[in-house]
Amino acid sequence: MNSKYILIINGEPNSIFLEIFFKALKKKKFKNPIILISSKKIIELQMRYLNFKKKIRVLDFRKLNKYKLDNKSINLINVNYNQKRPFEKITTKSNNFISESFKLAIKIVKKYKIVNFINGPIVKKTFLQKKYLGITEYISKKFDIVNNAMLIYNKDLSVCPLTTHLPLKSVTRKVTKKNILDKTELINNFYKKRLNKKPKIAILGLNPHCESISKFNEDEKIIKPAIKQLNKKGFNVSGPFSADTFFIKKNRKKFDVVLGMYHDQVLTPIKTLYEYDAINITLGLPFIRISPDHGPNEKMLGKNLSNPTSLIQAIKFLDKS
């Protein structure tokens with residue numbers, strides 16, 4: 001089996017994913033064969049609706065090493081999903097389909113040593129049902145990985161939240177020296193191994209202006225000592241920086257990555273700056289897992305107006321290897 005193959009999970013069937021997948025195949029030629037895990041029925045329904053034509057080649061996942069694959073057809077591993085219309089309202093109905101898709105993908109990753117993996121958008125509320133903070137944690141659990149990180153990657157500037165989908169009232173409990181050290185090490189290792197560079201990492205403070213009227217100031221007691229220890233270990237780290245002014249142009253051009261203390265502290269500016277030109281990479285897994293940086297976008301279903309840039313960037317990133 002060619003470990004260069006790119007394995008993609010459809011995710012939520014009633015999302016914009018297949019639309020942008022079709023557009024990506026139309027716009028770009030990718031050298032590494034793509035294998036899609038999805039429903040043949042859903043693909044055919046949405047193809048007709050969106051006026052997209054391409055042959056579908058159904059594969060047996062138990063015989064993947066027997067095939068010679070290219071991207072002239074959609075290389076499909078079929079997971080049955082019973083739906084009569086191209087798009088329906090998102091409910092828990094798709095949970096079994098998504099779960100089976102992930103089980104199959106994990107089996108294939110382990111069996112054939114696949115190192116390139118993309119999943120389409122998942123509705124956390126209906127699928128994860130408060131059992132996991134996000135898909136990053138869901139996939140990490142399947143591989144018994146405790147130390148992981150969510151990197152929103154852009155070639156000019158990437159960001160990583162120390163905490164992901166936590167409510168704000170719970171964030172401070174997770175702002176620990178160990179967490180900062182672990183995330184920074186994951187980021188550094190990824191850049192060195194995958195991009196052949198030692199990244200310049202900026203670390204943001206937790207409190208406004210890195211100041212606090214409380215007796216315990218996390219910026220002074222936790223973040224500064226963590227940065228000091230990281231520099232002693234040879235990491236190229238600076239901070240803590242005040243989040244309100246960090247993302248102005250003259251500051252951000254000095255760094256490769258920004259480690260923030262919570263989800264929206266870094267995801268809001270990165271999405272404002274680069275919109276769809278960023279991809280979500282899970283660090284710490286035994287393979288590269290990427291998710292396009294958008295959700296199911298129920299409001300855009302069937303309109304054929306969705307931007308495929310993030311998925312194109314995700315496939316291009318993996319297609320380099």
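Keep in mind that the numbers below use all heavy atoms, side chains included, and drop hydrogens, waters and symmetry copies.
- Remark: K40 NZ is loosely packed, at most 12 non-hydrogen atoms of other residues, nucleotides or ligands lying under 6.0 Å away.
- A donor-acceptor distance shorter than 3.5 angstrom exists from the side chain of T176 to the backbone of N179, with no hydrogens or angles considered.
- When side chains are defined from C-beta on, L64 counts as touching I77, because their heavy atoms get closer than 4.5 Å.
- At least one side-chain heavy atom of I279 sits under 4.5 Å from a side-chain heavy atom of F317.
- Between P240 and C210, the shortest heavy-atom distance links the atoms O-SG, 3.9 Å.
- For the residue pair N217/K221, the side-chain donor-acceptor check at 3.5 Å is not satisfied.
- Other residues, nucleotides and ligands contribute only 12 or fewer heavy atoms inside 6.0 Å of the OH atom of Y276.
- A 4.5 Å side-chain heavy-atom check between L128 and I135 finds at least one atom pair inside the cut-off.
- Hydrophobic clustering of Ile, Leu, Val, Met, Phe, Trp and Tyr side chains at less than 4.5 Å, counting indirect connections, keeps F246 apart from L230.
- Under the 3.5 Å distance criterion, the side-chain polar atoms of E12 are left unmatched by any main-chain donor or acceptor of I98.
- In terms of hydrophobic clustering, with Ile, Leu, Val, Met, Phe, Trp and Tyr side chains grouped at heavy-atom distances under 4.5 Å, F241 and I222 are assigned to different clusters.
- Put simply, CG on L7 and CG on N119 are 10.0 Å apart, with the number rounded to the nearest 0.5 Å.
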Evaluate the side chain to side chain contact (heavy atoms under 4.5 Å, CB included) criterion for residues K55 and K72: first the C-alpha distance (whole Å), next the side-chain angles of each, then the deciding distance (0.1 Å), finally the verdict.
CA-CA 8 Å; K55 287 183 180 178; K72 291 176 183 175; over 6 Å; no
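- With respect to the salt-bridge test (charged N to carboxylate O, under 4.0 angstrom), the residues E44 and R48 do not qualify.
- Defined by atom type and a distance below 3.5 Å, a donor-acceptor pair is missing between the side-chain atoms of N280 and S291.
- Between the side chain of N251 and the main chain of T245, a donor-acceptor pair closer than 3.5 Å is present.
- Proximity of a side-chain donor or acceptor of K303 to a complementary backbone N or O of K299 within less than 3.5 Å is detected.
- Across all non-hydrogen atoms, the minimal contact from A278 to I152 is CB-CG2, 3.9 Å.
- Within 6.0 Å of atom CG in N51, 12 or fewer heavy atoms from other residues, nucleotides or ligands are found, so the atom counts as exposed in its surroundings.
- Closest of all the heavy-atom pairs between K89 and N14 is O-ND2, 4.4 Å.
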_If you apply the rule side chain to side chain contact (heavy atoms under 4.5 Å, CB included), what do you find for S158 with Y191, and how did you get there?_
CA-CA 11 Å; S158 303; Y191 268 77; 2.9 Å; yes
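- Side chains of N148 and E137: a donor-acceptor N/O pair is absent below 3.5 angstrom, by distance only.
- Interatomic distance, I203 CD1 to L259 CG, rounded to the nearest 0.5 Å: 5.0 Å.
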| Is there a side chain to side chain contact (heavy atoms under 4.5 Å, CB included) between I16 and L301 once you walk through the steps? | CA-CA 6 Å; I16 60 167; L301 291 185; 4.2 Å; yes
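- Side-chain N/O atoms of E218 and N207 include a donor and acceptor closer than 3.5 Å.
- Under a 3.5 Å cut-off, the side chain of E88 and the backbone N or O of Q83 do not form any donor-acceptor pair.
- Looking at I315 and K28, their side chains never come closer than 4.5 Å, going by heavy atoms from C-beta outward.
- Note that CG of L104 and CZ of F61 are 5.5 Å apart. Values are rounded to the nearest 0.5 Å.
- Under the 4.5 Å side-chain criterion, counting only non-hydrogen atoms from C-beta, I201 is in contact with I187.
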| So Q229 and N231, side chain to side chain contact (heavy atoms under 4.5 Å, CB included) or not? Walk me through it. | CA-CA 5 Å; Q229 188 172 333; N231 281 320; over 6 Å; no
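- Distance check: L76 CG to I34 CD1 gives 13.0 Å after rounding to the nearest 0.5 Å.
- Note: M261 CE to I180 CD1 = 4.5 Å, rounded to the nearest 0.5 Å.
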Report the C-alpha distance between N307 and E275 in whole Å, list the side-chain angles of each, state the deciding distance to 0.1 Å, and finish with yes or no for side-chain hydrogen bond (donor to acceptor under 3.5 Å, both in side chains). CA-CA 10 Å; N307 190 325; E275 296 188 359; over 6 Å; no
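- Both F102 and L18 belong to a single network of hydrophobic side chains, linked directly or stepwise wherever heavy atoms of I, L, V, M, F, W or Y lie under 4.5 Å apart.
- Closest heavy-atom contact between I114 and Y5: CG2-O, 4.0 Å.
- The closest side-chain donor-acceptor pair between K41 and N80, if any, does not fall under 3.5 angstrom.
- The closest donor-acceptor contact from the side chain of K23 to the backbone of N304 lies under 3.5 Å.
- Geometrically, K110 does not engage F287 in a cation-pi contact defined by less than 6.0 Å to the ring centre and at most 45° from the axis.
- The side-chain heavy atoms of L318 and N32, taken from C-beta on, include no pair separated by under 4.5 Å.
- Side-chain contact check for N147 and E185: no donor-acceptor pair (N or O, by modelled atom type) lies under 3.5 Å.
- In this structure a side-chain-to-backbone donor-acceptor pair under 3.5 Å is present from R252 to F247.
- Proximity of S140 to L285: side-chain heavy atoms (C-beta onward) are separated by under 4.5 Å at one or more points.
- Looking only at side-chain heavy atoms (C-beta outward), F22 and K54 stay at 4.5 Å or farther from each other.
- Distance alone, capped at 3.5 Å, places no donor-acceptor pair between the D277 side chain and the N154 backbone.
- Here the NE2 atom belonging to H263 is positioned 8.5 Å from the OG1 atom belonging to T268, to the nearest 0.5 angstrom.
- Under the 3.5 Å distance criterion, the side-chain polar atoms of D219 are matched with a main-chain donor or acceptor of L206.
- In terms of hydrophobic clustering, with Ile, Leu, Val, Met, Phe, Trp and Tyr side chains grouped at heavy-atom distances under 4.5 Å, Y81 and I90 are assigned to different clusters.
- Close placement of the F127 and Y138 rings is indicated, their centers lying within 6.0 Å of each other.
- In terms of heavy atoms, P13 sits closest to N10 at CA-ND2, 4.2 Å.
- If you chain together hydrophobic residues whose side chains sit under 4.5 Å apart, F190 and I118 fall into the same group.
- Here the closest non-hydrogen pair linking N188 and P199 is OD1-CD, 3.3 Å.
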